[in-house]
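Some notes on the structure that comes next.
In the text below, chain A, chain B and the rest are named by the order of the sequence lines, each starting its count at 1.
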There are 2 protein chains.
Amino acid sequence: MTKPAPAGRQAVPAPPGGHGETAAETGAPARLRIGEAAQRTGVSERTLRYYEEIGILAPAGHSAGGCREYGQLELERVQRIRELQELIGLNLEEIRGVVTREDRLGTLRDAYHQSEDPSERRALVLEALEMTEALHERVATKVVRITDFRDELAGLIGRYREVLDGLDAVPV
Amino acid sequence: MTKPAPAGRQAVPAPPGGHGETAAETGAPARLRIGEAAQRTGVSERTLRYYEEIGILAPAGHSAGGCREYGQLELERVQRIRELQELIGLNLEEIRGVVTREDRLGTLRDAYHQSEDPSERRALVLEALEMTEALHERVATKVVRITDFRDELAGLIGRYREVLDGLDAVPV
DNA sequence: GGCGAATCTCACGTTGACGTAAACTGCGAG
DNA sequence: CTCGCAGTTTACGTCAACGTGAGATTCGCC
């Protein structure tokens, strides 16, 4: 990581497209190489390669020479991964479970899969639904706990302020 | 960890005191040895020793033979540490910063320190206040982000349900 | 087509937070 | 007194999630 980058909540800036030739013109959805992809997402290049290595993030494609290329989808996926990792506290193994299930579901939307066995498609959606519900449950619990904790801190701050006022009332 | 223990939100059960001899009688505030302390807090004995090793949790005292003894305060402190660790995502180094500052402030409450330099006491409280405010800020940000994420998941669940209903409408 | 910057693929190193095994000790029951 | 258990110190092992070169390739600009 060369530049820490506020790590805040700015959305991943879409790949360039300076004036008019965004994607609809070129057909190619504006790909980034690993260096810039790393900068935009705020992770290291090594991290992107590692994510690929363990199978949670594949580049959108490769250049003729073999350089990884990432599109908007992949950048957002990195954000998703980081969110699950830092915010929820999942490890990459658990994250793999989440994203692969989402991927399998994503293939459903592709037209050439519409012909598949309907009951199997139902099973896929159901599986994704159940996993999402489990994740939601987990997150909801965490929201409650962390909210409580925040309020405790607020109370603590109030008491500190009182003590401080008490001390100020009796100056040196 | 021998018994996983739901890891939920039950308060740390106070050390025994079977019938009437809680603490006011014996003078000693009901100490536990490391094995039971570990069980009650849901961490391993190694973890308790490790916390001591890195200076974030000292046992209340030792038995004649050198066994560590933990009281209610220490058990709660373990919970606090785990909360900061798992819920907020602080590492033990950061946690050390939090708890030691709280400790230094805690000595203020001890009567025999009332005589200290008032301006120094003010500085101590101020320091703890500022650190707590910084932590509160950090936690508040996290609350917002994780709440958003939870709501996103809820929306996702809704859409999955719709898709599923759509599939069910066209039975096999 | 040449050159410096960016990427590539191994492959070993690191760090935090413990796990785990070994050898020793204190102590209450039988 | 001995057995056995819970506890102690010391020290090496582990695992995830990358960090960090080394040496070979590729990119893109002059």
Salt bridge or not for [X] and [Y], using N-O below 4.0 Å?
X      : Y      : answer
A/E162 : A/R159 : no
A/E133 : B/R161 : yes
B/E45  : B/R49  : yes
B/E69  : B/R33  : no
B/R138 : B/E94  : yes

Could you tell me the separation between the [atom1] atom of [X] and the [atom2] atom of [N], rounded to a whole number of Å?
X     : N      : atom1 : atom2 : answer
B/E45 : C/dA21 : CD    : P     : 14 Å
B/I34 : C/dC18 : CD1   : C1'   : 13 Å
A/E36 : C/dA5  : CD    : C1'   : 14 Å
A/E52 : D/dA17 : CD    : P     : 17 Å
A/I95 : D/dA16 : CD1   : P     : 14 Å
A/E53 : D/dA16 : CD    : C1'   : 12 Å
B/E93 : C/dA17 : CD    : P     : 8 Å
A/L32 : D/dG28 : CG    : P     : 12 Å

5'-most contact on DNA chain C: A/R49 or B/T47, nearest heavy atom basis?
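Per heavy-atom nearest nucleotide, the more 5' residue is A/R49.
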
Quick one: on DNA chain C, does B/G66 or B/L90 contact a more 5' nucleotide (nearest heavy atom)?
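In this pair, the answer is B/L90.
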
So what does A/S63 touch, heavy atoms closer than 4.0 Å: a base, only the sugar-phosphate, or nothing?
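Sugar-phosphate contact only - A/S63 comes under 4.0 Å of backbone atoms but never of a base.
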
Respond yes when some side-chain nitrogen or oxygen of [X] is under 4.0 Å from OP1 or OP2 of [N], and no when none is.
X     : N      : answer
A/R96 : D/dA16 : no
B/R33 : D/dG7  : yes
B/S44 : C/dC18 : no
A/R46 : C/dG13 : no

On DNA chain D, does the nearest nucleotide to A/Y51 precede the nearest nucleotide to B/E69 from the 5' side, or the other way round? Give the residue.
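It is B/E69 whose nearest nucleotide is closer to the 5' end.
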
I want to confirm an ordering. Mapping B/G35 and A/N91 to their closest nucleotides on DNA chain D, which one lands closer to the 5' end?
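First, find each residue's nearest nucleotide; the 5'-ward one identifies B/G35.
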
Of the nucleotides [options], which has the atom closest to the [X] side chain?
X     : options                : value
B/L92 : D/dT8, C/dA17, D/dA17  : C/dA17
B/Y50 : D/dG7, C/dA17, D/dA16  : C/dA17
B/Q85 : C/dC18, D/dA16, D/dC18 : C/dC18

